[in-house]
Structures are given as C-alpha cells and as structure tokens.
Colleague: 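One structure, as structure tokens, below. Some questions next.
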2 protein chains.
Amino acid sequence: MNDHKRRPTIKDIASLAGVSIGTVDRALHNRRGIDPQTRQRILTIAEKIGYRKNRVASILTRKKPLVFAAVFPQKLHYFYDDVRQGFKEAIEALQDFKVYPLVYSVESLGQGEENVLQKLLQEDIDALVLTPGHRSKLNPLINQFVEKNIPVVTVSTDAPESKRLTSVCVNPYQNGELAGELLAKIVTGPRVAIMVGSLEIEDHRQKVDGFTNAFLAMHPDGEVVAVVENHEREELAAQNTEELLRKYPDLAGIYVATANSVAVCKVLAEQHTNHDIKLITTDLFEEMVDYLKKGVIQATLFQNPYRQGWEAVNILFQFLTEKRKPPTHHYLEPVVVMCSNLDFYYPQFKRRVLK
Amino acid sequence: MNDHKRRPTIKDIASLAGVSIGTVDRALHNRRGIDPQTRQRILTIAEKIGYRKNRVASILTRKKPLVFAAVFPQKLHYFYDDVRQGFKEAIEALQDFKVYPLVYSVESLGQGEENVLQKLLQEDIDALVLTPGHRSKLNPLINQFVEKNIPVVTVSTDAPESKRLTSVCVNPYQNGELAGELLAKIVTGPRVAIMVGSLEIEDHRQKVDGFTNAFLAMHPDGEVVAVVENHEREELAAQNTEELLRKYPDLAGIYVATANSVAVCKVLAEQHTNHDIKLITTDLFEEMVDYLKKGVIQATLFQNPYRQGWEAVNILFQFLTEKRKPPTHHYLEPVVVMCSNLDFYYPQFKRRVLK
DNA sequence: TTGAAAGCGGTACCAT
DNA sequence: ATGGTACCGCTTTCAA
C-alpha cells in the first residue's frame, strides 16, 4: 500500500521491448506507421508493467495552448457573475497546463447566443462552456462544435438533445424535493403554495414536482393549494403573494422556486404580524441576506454557481487530457442555507482551490 | 482578458538580463553563489515581465518523490475510513506529481499515536496528516516534525498549540449554531436538550455553545433544559434519553452533538407515539439512514470526512510546491442532510475529482 | 560568481 | 516500419 516504487516510463517499455521510445509512442497512441505485431507486443508489455502516462510531462510538450471558450449571460448578475468567476478561476488554476479563457457574454439567457456561437465557430478553440437559453435553436450549433471535435459542457441550464459532453447543474427535481422536505418540517399548518417563474420552464416544473412529492410524503395532511407564476416580474410576484394571503388566510408556507423572491419577501415582511408563513427560496444574493437574517426567509436553496463554472472547466480538462468521459449529468448538491451558514456562500462561496 | 500570450519563462528572463538560465534560477530561489547586483537585476526583470514559475515543469525535474504520511484511527470506521479514503484518493490524483501515500493506523483516537509518530520521525517523509487525539502529549512530537521541515496538517481534530501548518475541520461552534437554528425552526415547543460525548472535549463544548446561542436567538422563548453526557456509551445514551423523556414530558427537541446517536434514535423510535421530539444529529453512517427515512432523525449535520482528508493533502501539496501558506484554520461547511439529499453524502460523498 | 549541459517523461519530426 | 533527437520549462551538477 505504501508504494513509492518509480512509475514505469516509456523508456522502460522501450528497453523491455527492445525498440525506441518513438515506436512506443506510436504503439501507445495508435498512430500509423507501426507493425501491428510490435504494437501488440508493446501494448502487452505496457499493460504488464502497469504503465500509465505522466500527464505532467505530456502537457509540457504541448505546443499550442488549450483555449476554453465560455458564453454566459450578464443579467442575473448575482448568479452568472459567479459562474463566470468560477470558470475563470478554474482556468487560472490550470495556467501551468497552458489553458486560457476566452469569455463572451450575452445580455441575458437566450439573448443572442446564436450570434456569439456563430462567431466562436470561426475561432480556434478547444472547448466550450455555455448556459444554453434556447435549446431548440442551439442544439444544431452545439452539435457543430462537437463535430469539430470541440467538447461542449452546459452549465446550470441544459441542452439534453444536443451532443454536449455533459451538463453541470443542480438537479431541479431534487432541489424541489429538498425544499418540500424542509418546508414540511418547518411549517405549522398543512397548506402551502409554490411560486415559479413559469411552468413552461422545464426546470421550474421539475422543482414543482419534486417539491410536491416530497412535501406530501413528509406532511401527513399537507396540501399544495396553489402554483403561481410570477414571470420574473416583481409587481406580479407581489400581487400574486397578496392574493395568496387573501385567498388562503391559513397559508403556512411558500416555496419560491425561482430566484425572484424579493417581492415575496417584501409583502410577507409587511404582513408579518398577521400570518405565520414559512418561506423557502432559491439561490442567494444581496437583497436576500437581510430577509434571511430577519427570519422572513427560513432557508434558501443555494445552487453554487461558482462551483458550477469551476467544475465545467475541470471536466473539460480531464476529458481533453486523459479522455475521461463524464456521465451525462454532473449534478451538484443543493445546499440548505440559513443564517448560521450564510458566510460560506455569500457574497460568494470561493471553493478553496485544489492544486 | 482573453490572453493567450505565452507565459514568460526563465529563458526570457535570462536573455533579457544577458545571463544564463542557471543564474536566473539562483536569483529566483535565493540560492547562494550569485552577485547581489545581478540577483537584484534579475528579480526586477522577472517582476517586470510578470514571471511566474511553471509548476508542471519544476515538478517534473524533482528526482525524489514526495511522501505524504498519514496517521488515522481505525475505530469509528464510518468516519475515519472516509477521511483515509479522501486522503488516498487526493494523493492518487497527484500521482503524476510524484506524490505517494504512507498510511499508518492507530486503533482509535488517542490510542498509541505517540508510538506511530516516533516511528515516523525516523522515516523520510515530506508531509504529515493526522487526527491528534491527545494534544498535550502530541504537541512536542508534532513540533519535532515541523522543525525537521515536515509540515503537519491536523484533520477533524486539532492541536492548536502546536506548530501544525493548519487544521482542516468543521468549525464546531458553527456546527452547533446551524443545529440550533435548524432545531429552533422545526421544533413545536420551547424546551430542548443537548447530548454530547463529554463536556471535557473542546469540540463538544463548542457545539453546545454554538447551539445554545443560536437556538435561544432564534426561538423567542426557547430553553435548553439539559446538557447530558453519554461518554460514547450506548447504554448510557439510552438511559440518558429515557431520563430526559421522563423528566421533561414536554421536551420538544434533542441535539446530539456527538456521533453516537443510534441509542437515542432507538429510544425515541419506541416512545414515538407519546412524544413529538425533533432530533438533530451529527455525522452520517449506515444505522442512521433508516432513522432519517423514518423521520426519527429530522436532519443530521454532515462533516464531510472524505473531503477533510482530501483537502489536507491538497493544502500540503500547495504548500510544498508553491510555498502557499494556508490560514491557521481551514473550515469546511457543515451540511444539513435530510432524506432528499442523503444520496449525495451516503454511503460516502465522493467529491468529483478535480484534475 | 557564472555558464553549460544533462535530465525529468513525454511529443513530434526528421532521418533511415 | 523504426530509430534518433530536439524540445517543453525547470532543477541540478559540473566546469570554468
């Protein structure tokens, strides 16, 4: 177990096989210009002595840098800025391996992504990270990159029908479940409501499903009395909230499955004296901190945007440098954030850089 | 921002300064045998062109492997096996950098650590990771390693008076706070109790403090009616629990700040019909899973032992390869684990390996 | 004090 | 089809 025996190198293989290191390289990398016999012999030897290539050395000899391109939205700063930051810092940590960032922005999710991707298709990049807004339009574009041998990883949103390598995100269904379980435990009455951005959005629908299932499973006589859409508009969110309060005077909890929860908080903070409504929200940004501390928000489910960007880079790096194929989804854990662990995640959870 | 300009190398510095790369190396590493004038000149140039050494290349030239030694307990398998696993896999991921593990075990925390460390002092190791049991006895030993220029990182427990580089752990006070806040939100009555292993243990005492403060702050008329010690003995834990139930028929919650919570669960599961007691526990292992699913345990605070081992390795690696000094404490986030996010952490949370 | 050169473990390209 | 060798960026040793 405590082995520090020297790792075998191509030289070892070469001398064992009685050939040059050039030939060994040919055999190992399936290059042409080598006798199938010798290749087989070399591969057998390599296998036998447990050869594994030294990535450090092989990277050192790479002449062209690896360029990792990214396309992220600007709007919803609190979220995508963190994704971008994670992306950049992950690359920064890989600088010794000659990895460089090439970052593009679109105004908001789904706005002009095609243009940027078209432009990127001309550039000489080695990998692509993006948050696809319009899947149906983007799928063919994504596939074009893949066909050019440029792996693509989606972040936070997905384009599952495309040939992207993997998707880094928090499983929305699980996220909903966690919210449902938590609210079921906190709530003092059986009736709760859900607010989403839009039920058209797959992510939001899945959160609703996960929440509903978990809440009903955990709460003996629980009931989800309403699912309302705020279409990411503050006034509508406020209006919806007031309506909920009026319509269900005994409402015991609300789960806001989209990031736009501030309007809800405002309404609840004002009406606070009359109702005892437990609020579970999604994501984390500045305006929420006070509401968390004041107890208007009981807990929020954090999706770790910084880490999403970070992980995307590392998945791609591993794929490019050692052909390691990731599973089709790379799910991060949703995190229950309350007052006492807020500091870990706000203003921004800096993953301690590994290596 | 999108720079892929080639990073400057010592060669660049050399030609700019009109010296050989050997001299540049001497200047950069403060080696002897160089004119202070030239050194200064070289350092200025390096600074000006923003030189940063390529760790990949420098590691490649290292002839001797780095040996990372570890001493972990065997008992409390569910916890220390994960720490060990994290330690090993982190090193595995660094194998291209010629890092090798040297793992020793002691039977349980504080049992015979001195012997093992004495033995290790003779060996040619480059770094040491351990879970110090008896601090007072271990401090001088730890310092001996440090004085031999072998950095030491403590994991999960600490030896703060020693010269260890840093300690990787979950801040027990924060852990307690999180428990307190959570229980305050879940509980249906004001009176709760705490069970620890022993109040002699700093870690447990801090959890008690953190819990108490947070619970009282969050719960308007909350009251911590008892703090009992189970001395990590099942019978005692069971006995204590029964006593609590008898003495405080209105008990609304229990926080078990030590890992030994199964006995408590058993008692509560039996008495379940009479009392509505919310239970928050610590750590996660097999026997707890059922109790979580049945709702006997409301939530448990996971301390991510796997990641603790992993992080220790990477902190040491960074320290050794780039002199990066970590802060005196490396706190990991305590994680709220309930049914719906259990899968991420059990049987064992495998951090997706980065790079 | 300084320079030159070998070598780490691969890759790439030339020559044979 | 195969061998030889320069080179990536740095460390280390040996000469000068």
Colleague: Going 5' to 3' along DNA chain C, which nucleotides are the first and last within contact of chain B (any atom under 4.0 Å from a heavy atom)?
Modeller: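 Contact span on the strand: C/dT1 to C/dG9.
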
Colleague: Please list, by residue number, the residues of residues 34-41 of chain B whose heavy atoms come closer than 4.0 Å to an atom of DNA chain C; answer none if no residue qualifies.
Modeller: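 Listed by number, they are B/I34, B/D35, B/T38.
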
Colleague: If you take all heavy atoms of A/V103 and A/K88, which pair is closest and at what distance?
Modeller: CG2-CE, 4.0 Å

Colleague: Any carboxylate oxygen within less than 4.0 angstrom of a Lys/Arg side-chain nitrogen, looking at A/R52 and A/E47?
Modeller: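 Looking at A/R52 and A/E47, the cut-off is not met.
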
Colleague: Applying side chain to side chain donor-acceptor pair (under 3.5 Å), name anything that partners A/K48, two or more places apart in sequence or on another chain.
Modeller: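 Applying side chain to side chain donor-acceptor pair (under 3.5 Å) to A/K48 gives none.
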
Colleague: Below 4.0 angstrom from OP1 or OP2 of D/dC7, is there any side-chain N or O of B/K11?
Modeller: no

Colleague: May I have the distance from A/I10 (atom CD1) to D/dG4 (atom P), rounded to whole angstrom?
Modeller: 14 Å

Colleague: Using a 4.0 Å heavy-atom cut-off, does A/I21 contact any base of the nucleic acid, only the sugar-phosphate backbone, or nothing at all?
Modeller: base

Colleague: Expressed as a whole number of angstroms, how long is the span from B/L60:CG to D/dT11:C1'?
Modeller: 10 Å

Colleague: Output the rounded distance in Å from CG (B/L320) to C1' (D/dT11).
Modeller: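 From B/L320 CG to D/dT11 C1': 17 Å.
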
Colleague: Any Lys/Arg nitrogen of A/E322 or A/K53 sitting under 4.0 Å from an Asp/Glu carboxylate oxygen of the other?
Modeller: no

Colleague: Below the 4.0 Å mark, does D/dG3 have OP1 or OP2 next to a side-chain nitrogen or oxygen of A/S20?
Modeller: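 For D/dG3, OP1 or OP2 has a side-chain N or O of A/S20 closer than 4.0 Å.
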
Colleague: What I want to find out is whether B/R7 reaches A/D96 closely enough, with some N-O distance under 4.0 Å, to be called a salt bridge.
Modeller: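 Result for this pair is yes, salt bridge flagged.
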
Colleague: I'd like to know if the side chain of B/K325 and the backbone of B/F319 have a donor-acceptor N/O pair within less than 3.5 Å.
Modeller: no

Colleague: Both B/T61 and B/G22 contact DNA chain C. Taking the nearest nucleotide for each, which residue is further toward the 5' end?
Modeller: B/G22

Colleague: Starting at NZ of B/K98 and ending at P of D/dT11, how long is that distance when rounded to a whole Å?
Modeller: 13 Å

Colleague: For this output row, return yes or no: ring centroids of B/F87 and B/F72 closer than 6.0 angstrom.
Modeller: yes

Colleague: In whole angstrom, what separates A/F97's CZ from D/dG9's P?
Modeller: 14 Å

Colleague: D/dC8 phosphate, OP1 or OP2: any side-chain N/O from A/K63 under 4.0 angstrom?
Modeller: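 So the side-chain polar atoms of A/K63 never come under 4.0 Å of the phosphate oxygens OP1 or OP2 of D/dC8.
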
Colleague: Could you tell me whether B/E89 and B/R84 have a side-chain N and a carboxylate O separated by less than 4.0 Å?
Modeller: no

Colleague: Counting any heavy atom closer than 4.0 Å, what does A/V19 reach on the DNA or RNA strands: base, sugar-phosphate only, or nothing?
Modeller: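 Sugar-phosphate contact only - A/V19 comes under 4.0 Å of backbone atoms but never of a base.
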
Colleague: Could you state the atom-to-atom distance from CD1 of A/I59 to P of D/dC8 in whole Å?
Modeller: 17 Å

Colleague: Centres of the B/F317 and B/F97 rings: under 6.0 Å?
Modeller: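 B/F317 vs B/F97: aromatic centres under 6.0 Å.
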
Colleague: With rounding to the nearest 0.5 angstrom, report the CD1 to CZ distance, A/I13 to A/R41.
Modeller: 12.0 Å

Colleague: Both B/V56 and A/R32 contact DNA chain D. Which one's nearest nucleotide lies toward the 5' end?
Modeller: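 Nearest nucleotide further toward 5': that of A/R32.
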
Colleague: Which part of the nucleic acid does B/R7 contact within heavy-atom distance under 4.0 Å: base, sugar-phosphate only, or nothing?
Modeller: nothing

Colleague: Contact class for A/R62 (heavy atom, under 4.0 Å): base, sugar-phosphate, or nothing?
Modeller: nothing

